[in-house]
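Input: a single structure, listed below in C-alpha coordinates.
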Amino acid sequence: DAGITQSPRHKVTETGTPVTLRCHQTENHRYMYWYRQDPGHGLRLIHYSYGVKDTDKGEVSDGYSVSRSKTEDFLLTLESATSSQTSVYFCAISESGQGREQYFGPGTRLTVT
Amino acid sequence: QKEVEQDPGPLSVPEGAIVSLNCTYSNSAFQYFMWYRQYSRKGPELLMYTYSSGNKEDGRFTAQVDKSSKYISLFIRDSQPSDSATYLCAMSGGASGNTGKLIFGQGTTLQVKP
(Lines give C-alpha, C1' and ligand atoms only; values in the text may rest on other atoms or scores of the structure.)
Protein backbone atom coordinates (compact mmCIF):
# COMPACT_ATOMS: atom_id res chain seq x y z
CA ASP A 1 0.00 0.00 0.00
CA ALA A 2 2.84 2.38 -0.88
CA GLY A 3 3.69 3.32 2.70
CA ILE A 4 0.20 4.43 3.67
CA THR A 5 -1.58 3.41 6.84
CA GLN A 6 -5.04 4.31 8.02
CA SER A 7 -6.41 4.12 11.52
CA PRO A 8 -8.69 2.86 12.80
CA ARG A 9 -9.42 0.17 10.21
CA HIS A 10 -12.91 -0.40 11.52
CA LYS A 11 -15.12 1.78 13.67
CA VAL A 12 -18.69 1.72 14.87
CA THR A 13 -20.02 4.93 16.35
CA GLU A 14 -23.32 6.49 17.28
CA THR A 15 -25.12 9.31 15.51
CA GLY A 16 -24.05 12.70 16.77
CA THR A 17 -20.59 11.73 18.01
CA PRO A 18 -17.41 13.23 16.55
CA VAL A 19 -15.07 10.85 14.73
CA THR A 20 -11.50 11.36 13.53
CA LEU A 21 -9.81 9.15 10.96
CA ARG A 22 -6.07 9.25 10.49
CA CYS A 23 -3.97 8.76 7.39
CA HIS A 24 -0.22 8.37 7.79
CA GLN A 25 2.33 8.17 4.96
CA THR A 26 6.02 7.42 4.90
CA GLU A 27 6.61 8.53 1.28
CA ASN A 28 6.97 12.26 1.93
CA HIS A 29 4.44 12.99 -0.84
CA ARG A 30 3.04 16.50 -1.04
CA TYR A 31 -0.55 15.68 -1.98
CA MET A 32 -2.99 13.75 0.19
CA TYR A 33 -6.65 12.97 -0.39
CA TRP A 34 -9.67 11.59 1.41
CA TYR A 35 -12.28 9.67 -0.60
CA ARG A 36 -15.38 7.78 0.41
CA GLN A 37 -16.65 4.72 -1.43
CA ASP A 38 -20.31 3.81 -1.54
CA PRO A 39 -22.26 1.30 -3.64
CA GLY A 40 -23.60 2.93 -6.78
CA HIS A 41 -21.37 6.00 -6.38
CA GLY A 42 -17.85 4.70 -6.68
CA LEU A 43 -15.12 6.78 -5.07
CA ARG A 44 -15.82 10.44 -4.36
CA LEU A 45 -13.39 13.06 -3.14
CA ILE A 46 -14.11 14.60 0.26
CA HIS A 47 -11.12 16.89 0.89
CA TYR A 48 -7.55 17.10 -0.25
CA SER A 49 -4.30 18.71 0.81
CA TYR A 50 -1.57 20.18 -1.36
CA GLY A 51 0.84 20.87 1.49
CA VAL A 52 1.12 21.32 5.22
CA LYS A 53 -1.80 23.45 6.40
CA ASP A 54 -3.05 23.73 2.77
CA THR A 55 -6.37 22.00 2.22
CA ASP A 56 -9.41 22.36 -0.01
CA LYS A 57 -12.86 20.89 -0.48
CA GLY A 58 -13.80 18.08 -2.79
CA GLU A 59 -17.08 16.91 -4.22
CA VAL A 60 -18.73 15.73 -0.99
CA SER A 61 -17.23 17.87 1.79
CA ASP A 62 -20.35 18.78 3.80
CA GLY A 63 -20.12 17.44 7.36
CA TYR A 64 -16.36 16.82 7.13
CA SER A 65 -13.28 18.79 8.07
CA VAL A 66 -9.59 18.03 7.65
CA SER A 67 -6.27 19.07 9.06
CA ARG A 68 -2.68 18.57 8.04
CA SER A 69 -0.10 19.80 10.52
CA LYS A 70 2.70 17.53 9.27
CA THR A 71 3.61 16.22 5.84
CA GLU A 72 3.00 12.64 6.90
CA ASP A 73 -0.41 12.98 8.59
CA PHE A 74 -3.81 13.92 7.18
CA LEU A 75 -6.80 13.80 9.52
CA LEU A 76 -10.44 13.58 8.54
CA THR A 77 -13.02 14.62 11.15
CA LEU A 78 -16.73 14.01 11.10
CA GLU A 79 -17.96 16.78 13.37
CA SER A 80 -21.23 15.06 14.25
CA ALA A 81 -21.57 11.68 12.59
CA THR A 82 -24.76 10.83 10.71
CA SER A 83 -25.96 7.53 9.27
CA SER A 84 -25.37 8.88 5.76
CA GLN A 85 -21.65 8.96 6.58
CA THR A 86 -21.56 5.19 6.96
CA SER A 87 -19.03 4.31 4.29
CA VAL A 88 -15.55 3.06 3.51
CA TYR A 89 -13.02 5.87 3.67
CA PHE A 90 -9.79 5.79 1.67
CA CYS A 91 -6.79 7.98 1.94
CA ALA A 92 -4.56 8.50 -1.09
CA ILE A 93 -1.21 10.15 -1.68
CA SER A 94 0.56 11.53 -4.71
CA GLU A 95 3.87 13.18 -5.46
CA SER A 96 2.35 14.95 -8.45
CA GLY A 97 -0.68 17.21 -8.54
CA GLN A 98 -1.71 15.91 -11.94
CA GLY A 99 -3.71 12.88 -10.80
CA ARG A 100 -1.42 10.24 -12.22
CA GLU A 101 0.25 7.81 -9.79
CA GLN A 102 -2.10 8.34 -6.91
CA TYR A 103 -1.77 5.53 -4.35
CA PHE A 104 -4.41 4.40 -1.92
CA GLY A 105 -4.38 3.18 1.65
CA PRO A 106 -6.18 0.08 2.95
CA GLY A 107 -9.33 1.96 3.99
CA THR A 108 -11.38 2.54 7.12
CA ARG A 109 -14.81 0.96 7.38
CA LEU A 110 -17.04 3.30 9.37
CA THR A 111 -20.52 2.44 10.58
CA VAL A 112 -22.71 5.11 12.15
CA THR A 113 -25.67 3.65 14.08
CA GLN B 1 -25.41 12.75 -15.81
CA LYS B 2 -22.16 11.56 -14.27
CA GLU B 3 -18.89 12.86 -15.67
CA VAL B 4 -17.59 9.30 -15.95
CA GLU B 5 -19.78 6.33 -16.79
CA GLN B 6 -18.79 2.72 -16.27
CA ASP B 7 -20.98 -0.38 -16.54
CA PRO B 8 -20.93 -2.02 -13.09
CA GLY B 9 -21.36 -5.52 -14.53
CA PRO B 10 -20.83 -8.10 -13.19
CA LEU B 11 -18.81 -9.49 -16.06
CA SER B 12 -18.07 -13.22 -15.99
CA VAL B 13 -15.56 -14.84 -18.37
CA PRO B 14 -13.75 -18.18 -18.61
CA GLU B 15 -10.08 -18.40 -17.78
CA GLY B 16 -7.90 -17.45 -20.75
CA ALA B 17 -10.45 -15.09 -22.30
CA ILE B 18 -9.68 -11.56 -23.44
CA VAL B 19 -11.51 -9.08 -21.26
CA SER B 20 -12.56 -5.64 -22.39
CA LEU B 21 -13.49 -3.01 -19.79
CA ASN B 22 -14.69 0.42 -20.80
CA CYS B 23 -15.55 3.90 -19.58
CA THR B 24 -17.06 6.91 -21.26
CA TYR B 25 -16.71 10.49 -20.09
CA SER B 26 -18.15 13.89 -20.84
CA ASN B 27 -15.39 16.34 -19.86
CA SER B 28 -13.14 16.86 -22.87
CA ALA B 29 -10.54 18.56 -20.66
CA PHE B 30 -9.48 15.33 -18.93
CA GLN B 31 -5.83 14.60 -19.65
CA TYR B 32 -4.81 11.65 -17.48
CA PHE B 33 -6.66 8.36 -17.58
CA MET B 34 -6.07 5.71 -14.94
CA TRP B 35 -7.13 2.15 -14.30
CA TYR B 36 -7.27 0.77 -10.78
CA ARG B 37 -7.90 -2.79 -9.59
CA GLN B 38 -9.63 -3.34 -6.28
CA TYR B 39 -9.93 -6.66 -4.54
CA SER B 40 -12.71 -7.18 -2.03
CA ARG B 41 -12.18 -5.19 1.17
CA LYS B 42 -8.88 -3.74 -0.08
CA GLY B 43 -7.78 -0.34 -1.31
CA PRO B 44 -7.62 0.45 -5.05
CA GLU B 45 -4.32 -0.50 -6.69
CA LEU B 46 -3.04 1.54 -9.61
CA LEU B 47 -2.59 -0.66 -12.69
CA MET B 48 -1.56 1.94 -15.24
CA TYR B 49 -2.18 5.44 -16.50
CA THR B 50 -2.21 7.04 -19.92
CA TYR B 51 -1.65 10.64 -20.84
CA SER B 52 -3.94 11.99 -23.55
CA SER B 53 -4.77 9.64 -26.43
CA GLY B 54 -3.08 6.42 -27.44
CA ASN B 55 -2.26 2.99 -26.16
CA LYS B 56 -0.14 1.73 -23.31
CA GLU B 57 0.80 -1.87 -22.63
CA ASP B 58 2.03 -3.51 -19.44
CA GLY B 59 2.27 -7.27 -19.54
CA ARG B 60 -1.20 -8.72 -20.08
CA PHE B 61 -2.84 -5.32 -19.70
CA THR B 62 -3.40 -2.74 -22.45
CA ALA B 63 -5.03 0.64 -21.93
CA GLN B 64 -6.49 2.63 -24.80
CA VAL B 65 -7.73 6.21 -24.86
CA ASP B 66 -9.82 7.69 -27.68
CA LYS B 67 -10.31 11.34 -26.82
CA SER B 68 -12.31 12.03 -29.97
CA SER B 69 -14.96 9.57 -28.76
CA LYS B 70 -14.41 10.26 -25.03
CA TYR B 71 -13.94 6.53 -24.54
CA ILE B 72 -11.28 4.55 -22.70
CA SER B 73 -10.68 0.82 -22.52
CA LEU B 74 -8.66 -1.70 -20.57
CA PHE B 75 -7.93 -5.05 -22.19
CA ILE B 76 -6.77 -8.04 -20.20
CA ARG B 77 -5.24 -10.88 -22.21
CA ASP B 78 -5.13 -14.49 -21.04
CA SER B 79 -7.32 -13.66 -18.05
CA GLN B 80 -6.66 -15.55 -14.82
CA PRO B 81 -8.84 -16.26 -11.77
CA SER B 82 -6.54 -13.91 -9.85
CA ASP B 83 -7.79 -11.10 -12.11
CA SER B 84 -11.21 -11.38 -10.45
CA ALA B 85 -11.72 -7.97 -8.89
CA THR B 86 -13.45 -4.65 -9.41
CA TYR B 87 -11.82 -2.43 -12.03
CA LEU B 88 -12.16 1.32 -11.65
CA CYS B 89 -11.42 3.92 -14.27
CA ALA B 90 -10.41 7.40 -13.10
CA MET B 91 -9.61 10.66 -14.82
CA SER B 92 -7.99 13.96 -13.95
CA GLY B 93 -6.95 17.25 -15.41
CA GLY B 94 -8.91 20.01 -16.98
CA ALA B 95 -10.85 22.12 -14.49
CA SER B 96 -9.27 20.29 -11.56
CA GLY B 97 -5.97 21.85 -12.59
CA ASN B 98 -2.84 20.73 -10.81
CA THR B 99 -4.54 19.38 -7.71
CA GLY B 100 -4.73 15.74 -8.73
CA LYS B 101 -8.42 15.38 -8.02
CA LEU B 102 -9.66 12.15 -9.56
CA ILE B 103 -13.10 11.51 -10.98
CA PHE B 104 -13.94 7.80 -10.79
CA GLY B 105 -16.27 5.55 -12.66
CA GLN B 106 -18.51 3.29 -10.62
CA GLY B 107 -16.29 0.26 -11.21
CA THR B 108 -16.87 -3.00 -13.12
CA THR B 109 -16.84 -6.27 -11.22
CA LEU B 110 -15.00 -9.01 -13.11
CA GLN B 111 -15.10 -12.71 -12.36
CA VAL B 112 -12.77 -15.08 -14.18
CA LYS B 113 -13.90 -18.66 -13.84
CA PRO B 114 -11.34 -21.52 -13.87
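Throughout, protein chains are lettered first and strands after them, A, B, ... in sequence-line order, and every chain is numbered starting at 1.
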Roughly how far apart are Ser92(B) OG and Gln98(A) CD, rounded to 0.5 Å? 7.5 Å
Between Leu43(A) and chain B, with a heavy-atom cut-off of 4.5 Å, which part of the residue counts as in contact: side chain, backbone, both or neither? both
Check the surroundings of atom NZ in Lys42(B): do more than 12 heavy atoms from other residues, nucleotides or ligands lie under 6.0 Å from it? no
Shared hydrophobic cluster for Leu47(B) and Val65(B) (ILVMFWY, side-chain gaps under 4.5 Å): yes
Would you say Tyr87(B) ends up clustered with Phe75(B) if hydrophobic residues are merged whenever their side chains have heavy atoms under 4.5 Å apart, either directly or through other cluster members? no
Heavy-atom pair of closest approach, residues Gly43(B) and Phe90(A): CA-CE2, 3.3 Å
How about CD on Glu72(A), more than 12 heavy atoms from neighbouring residues, nucleotides or ligands closer than 6.0 Å, or not? yes
Rounded to the nearest 0.5 Å, the OH atom of Tyr36(B) sits from the CZ atom of Phe104(A) at a distance of 5.0 Å
CA sep, side-chain torsions, deciding dist, call: Gln38(B), Gln37(A), side-chain hydrogen bond (donor to acceptor under 3.5 Å, both in side chains): CA-CA 12 Å; Gln38(B) 185 177 24; Gln37(A) 186 173 35; 2.9 Å; yes
Kindly indicate whether the side chain of Arg109(A), heavy atoms from C-beta on, has any atom under 4.5 Å from the side chain of Arg41(B). yes
Please walk me through it: do Tyr48(A) and Thr99(B) pass side chain to side chain contact (heavy atoms under 4.5 Å, CB included)? CA-CA 8 Å; Tyr48(A) 67 99; Thr99(B) 59; 3.5 Å; yes
Side chain proximity check, Glu101(A) to Tyr49(B), heavy atoms < 4.5 angstrom: yes
One pair to check against side chain to side chain contact (heavy atoms under 4.5 Å, CB included): Tyr33(A) and Leu102(B). What are the steps and the verdict? CA-CA 10 Å; Tyr33(A) 308 84; Leu102(B) 297 182; over 6 Å; no
Please answer: with hydrophobic residues joined when any side-chain heavy atoms are less than 4.5 Å apart, are Met48(B) and Val4(B) in the same cluster? yes
At a 4.5 Å cut-off on heavy atoms, which part of Glu59(A) comes close to chain B: side chain, backbone, both, or neither? neither
Taking side chain as everything from C-beta outward and backbone as N, CA, C, O, which of these in Arg30(A) sits under 4.5 Å from a heavy atom of chain B? Side chain, backbone, both or neither. neither
Applying the 4.5 Å side-chain criterion to the ILVMFWY set and letting contacts propagate, would Tyr31(A) and Tyr51(B) be lumped into a single cluster? yes
What about Val19(B) and Tyr71(B), same hydrophobic cluster or not, with Ile/Leu/Val/Met/Phe/Trp/Tyr joined at side-chain heavy-atom distances under 4.5 Å? no
Answer yes or no: is there a side-chain heavy-atom contact under 4.5 Å between Leu46(B) and Gln102(A)? no
